[in-house]
2 protein chains.
Amino acid sequence: MDELDSAIVALLQADARQSNRDIAGKVGIAPSTCLERIRLLRQRGVIRGYHADIDPTALNRSVEALVSAQVRPLSRAVIDTFQRSLLDLPEVLSVYVTAGSDDFLIHVAVPDIDRLHSFLVDRLAIRKEVVAFRSSVIFRHHRKTVLEPLPASE
Amino acid sequence: MDELDSAIVALLQADARQSNRDIAGKVGIAPSTCLERIRLLRQRGVIRGYHADIDPTALNRSVEALVSAQVRPLSRAVIDTFQRSLLDLPEVLSVYVTAGSDDFLIHVAVPDIDRLHSFLVDRLAIRKEVVAFRSSVIFRHHRKTVLEPLPASE
DNA sequence: CTCGGTGCCGAACAACATTCGGCGCGCAGC
DNA sequence: GCTGCGCGCCGAATGTTGTTCGGCACCGAG
């Protein structure tokens, strides 16, 4: 993971569909070398995949919310099955298992407020392991597309 | 946004770097037609971009946390400048502006717990508009890569 | 029935990915 | 200091792909 790898990774984060030749040209190496570098980055697990970023509105998901939930008992079995069943729900985008006052944070995207309400009532509140939850509608969301490596210290 | 577009979008979400020919073959249309469809999807803003998914560990960010924050006064000016300055910080991955008991949720990734602490103390607590914050370390995080369109109703 | 528009196809050409042999650099052993 | 080895890079060659464009078929309006 030298400077060249970082540069390649940054370029692929910015635009994963640009050609290998373009990347090679921008970082200043031969296309064949660049291809080999990218192959190794994937193999080492540095690059986990390439995904298109889609506007949720186009997928009939205009309302997004963050739902924090507490489950009891806080056993591995309960956590694992709860997490899995959340990811099976179409409304759920992402699940965080956290320390602190809440155990889960669930990112959901639904067509409208009604569907958010039915998600909370019909999907979450039914589950016996869920002892509490609280939801926050998202007004805005800004996500960094390119993540740079952090320096060791200063 | 018909069935064909949905299929293309699903394929590009799963793997943004597969060839146009492959996508065309899988959805059952000619490569030239597929290319035109993808071009239109980008133009309409359905596809917002293509990004490589990178392992945070490789970028020296082994510790992730969610930090919720309250700011006062809750004016547009304060919200906007606070959001922008958060996104300028290298530790920050993502910023949510939310309704509910908290105004912001900040996703951060840092090398270790010490750097999380210094982020909270040196970056967040200094700001006069921040009246409260609370942070949760993330144990696990699972994000859906492919987001299907939600049906209108049932 | 005719006309115009829209969306799809397939061929053609330029650009690209991918492989592979070889070269040069740096390091270890002598 | 010299020799040999290994690693990583390069560039040419080949098959594959992106991209453009002319034409065709379908559909709806008049």
Side-chain angles (χ1 to χ4, degrees), chain A residues 1-62 145-152, chain B residues 1-62 145-152:
Chain A
M1 199 64 195
D2 56 6
E3 278 304 308
L4 238 50
D5 284 335
S6 295
I8 292 170
V9 162
L11 287 169
L12 282 171
Q13 280 183 287
D15 179 9
R17 250 183 112 74
Q18 64 189 310
S19 73
N20 178 56
R21 278 182 120 82
D22 279 353
I23 299 167
K26 284 173 190 167
V27 305
I29 56 176
S32 52
T33 308
C34 190
L35 200 71
E36 179 64 12
R37 291 262 190 169
I38 293 173
R39 195 204 318 271
L40 290 174
L41 285 167
R42 276 226 80 165
Q43 197 173 301
R44 276 188 275 149
V46 174
I47 298 174
R48 297 195 290 202
Y50 308 99
H51 307 290
D53 176 25
I54 306 299
D55 181 5
T57 307
L59 301 174
N60 194 29
R61 294 158 176 274
S62 306
T145 60
V146 180
L147 194 53
E148 296 283 352
L150 276 190
Chain B
M1 200 62 195
D2 57 6
E3 278 303 309
L4 239 51
D5 283 335
S6 295
I8 292 170
V9 163
L11 288 169
L12 281 171
Q13 279 184 287
D15 178 10
R17 251 183 112 74
Q18 64 188 311
S19 73
N20 177 56
R21 278 181 121 83
D22 280 352
I23 298 167
K26 284 173 191 167
V27 305
I29 56 175
S32 52
T33 308
C34 190
L35 199 72
E36 179 64 12
R37 290 262 190 168
I38 293 174
R39 196 203 320 268
L40 289 174
L41 285 167
R42 277 225 79 165
Q43 197 174 302
R44 276 187 276 149
V46 173
I47 298 173
R48 297 194 289 203
Y50 307 100
H51 307 291
D53 175 26
I54 306 299
D55 181 5
T57 308
L59 301 174
N60 193 30
R61 293 158 177 275
S62 307
T145 59
V146 180
L147 194 53
E148 296 283 353
L150 275 189

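Letters A, B, ... mirror the listed sequences (proteins, then strands); counts begin at 1.
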J.: Are any of the side-chain heavy atoms of A:Ile38 and A:Cys34 separated by less than 4.5 Å?
T.: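 Of all side-chain heavy-atom pairs linking A:Cys34 with A:Ile38, at least one is under 4.5 Å.
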
J.: Go through residues 38-54 of chain A and report each residue with a non-hydrogen atom lying under 4.0 Å from DNA chain C, sorted by number.
T.: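 By residue number: A:Arg39.
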
J.: Measure from CD on B:Glu36 to P on D:dG18 and round the result to the nearest Å.
T.: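 Taking atom P of D:dG18 as the reference, CD of B:Glu36 is at 15 Å.
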
J.: Check whether any side-chain N or O of A:Asn60 sits under 3.5 Å from a backbone N or O of B:Leu150 as a donor-acceptor pair, and report yes or no.
T.: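 Yes: the side chain of A:Asn60 pairs with the backbone of B:Leu150.
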
J.: Is there a residue in residues 6-33 of chain B whose heavy atoms reach under 4.0 Å of DNA chain C, and which residues are they?
T.: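 Those residues are B:Ile29, B:Ala30, B:Ser32, B:Thr33.
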
J.: Using heavy atoms to find the nearest nucleotide of DNA chain D for A:Asp2 and B:Leu35 separately, return the residue whose nucleotide is more 5′.
T.: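 Looking at the nearest nucleotide for each, A:Asp2 comes out on the 5' side.
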
J.: Go through DNA chain C in 5' to 3' direction and return only the first and the last nucleotide with some atom under 4.0 Å of chain B's heavy atoms.
T.: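 Nucleotide range with atoms under 4.0 Å of chain B: C:dC8 to C:dG10.
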
J.: Note the angle between the end axes of the helix from C:dC1-D:dG30 to C:dC30-D:dG1, five pairs defining each, rounded to 10 degrees.
T.: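 Here the local axes at opposite ends form an angle of 30°.
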
J.: Listing request: all side chain to side chain donor-acceptor pair (under 3.5 Å) pairs with a residue in residues 7-20 of chain A, at least two apart in sequence or in separate chains.
T.: A:Gln18-A:Lys26

J.: Rounded to the nearest 0.5 Å, how far apart are NE2 of B:His51 and CG of A:Asp53?
T.: 4.5 Å

J.: Which pairs pass salt bridge (Lys or Arg N to Asp or Glu O under 4.0 Å) with one or both residues in residues 27-42 of chain B, sequence neighbours excluded?
T.: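 Sorted result for residues 27-42 of chain B: B:Asp2-B:Arg37, B:Asp5-B:Arg37, B:Glu36-B:Arg39.
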
J.: Considering residues at least two apart in sequence or located in another chain, which fulfil the side-chain contact (heavy atoms from CB on, under 4.5 Å) criterion with B:Thr57?
T.: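 B:Thr57 satisfies side-chain contact (heavy atoms from CB on, under 4.5 Å) with B:Asp55, B:Ser62 only.
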
J.: Could you pull out all residues at least two apart from B:Asp22 that satisfy salt bridge (charged side-chain N to carboxylate O under 4.0 Å, His left out)?
T.: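 By the salt bridge (charged side-chain N to carboxylate O under 4.0 Å, His left out) rule, B:Asp22 matches no residue at all.
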
J.: Spell out protein contact along nucleotides 23-28 of chain D as letters: B when the base is contacted, S when just the sugar-phosphate is, - when no protein heavy atom is under 4.0 Å; keep the 5' to 3' order.
T.: ------

J.: Can you tell me how far apart CD1 (B:Ile8) and CD1 (B:Ile29) are? Round to the nearest 0.5 Å.
T.: 4.5 Å

J.: Please name the pair of heavy atoms, one in A:Ile23 and one in A:Leu12, separated by the smallest distance, quoted to 0.1 Å.
T.: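 The pair with the smallest heavy-atom distance is CD1-CD2, 3.7 Å.
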
J.: Could you tell me which residues satisfy side-chain contact (heavy atoms from CB on, under 4.5 Å) with B:Ala30, sequence neighbours excluded, listed by chain and number?
T.: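 Expected list: B:Ser32, B:Thr33.
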
J.: State, yes or no, whether a side-chain contact exists between B:Ile54 and A:Ile47 at a heavy-atom distance under 4.5 Å.
T.: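 Yes, their side chains come closer than 4.5 Å.
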
J.: What residues, two or more places apart in sequence or in another chain, satisfy side-chain contact (heavy atoms from CB on, under 4.5 Å) together with B:Ser6?
T.: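 For B:Ser6 the side-chain contact (heavy atoms from CB on, under 4.5 Å) partners, ignoring immediate neighbours, are B:Met1, B:Pro149.
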
J.: Using the test salt bridge (charged side-chain N to carboxylate O under 4.0 Å, His left out), find all partners of B:Glu148 that sit at least two apart in sequence or belong to another chain.
T.: none

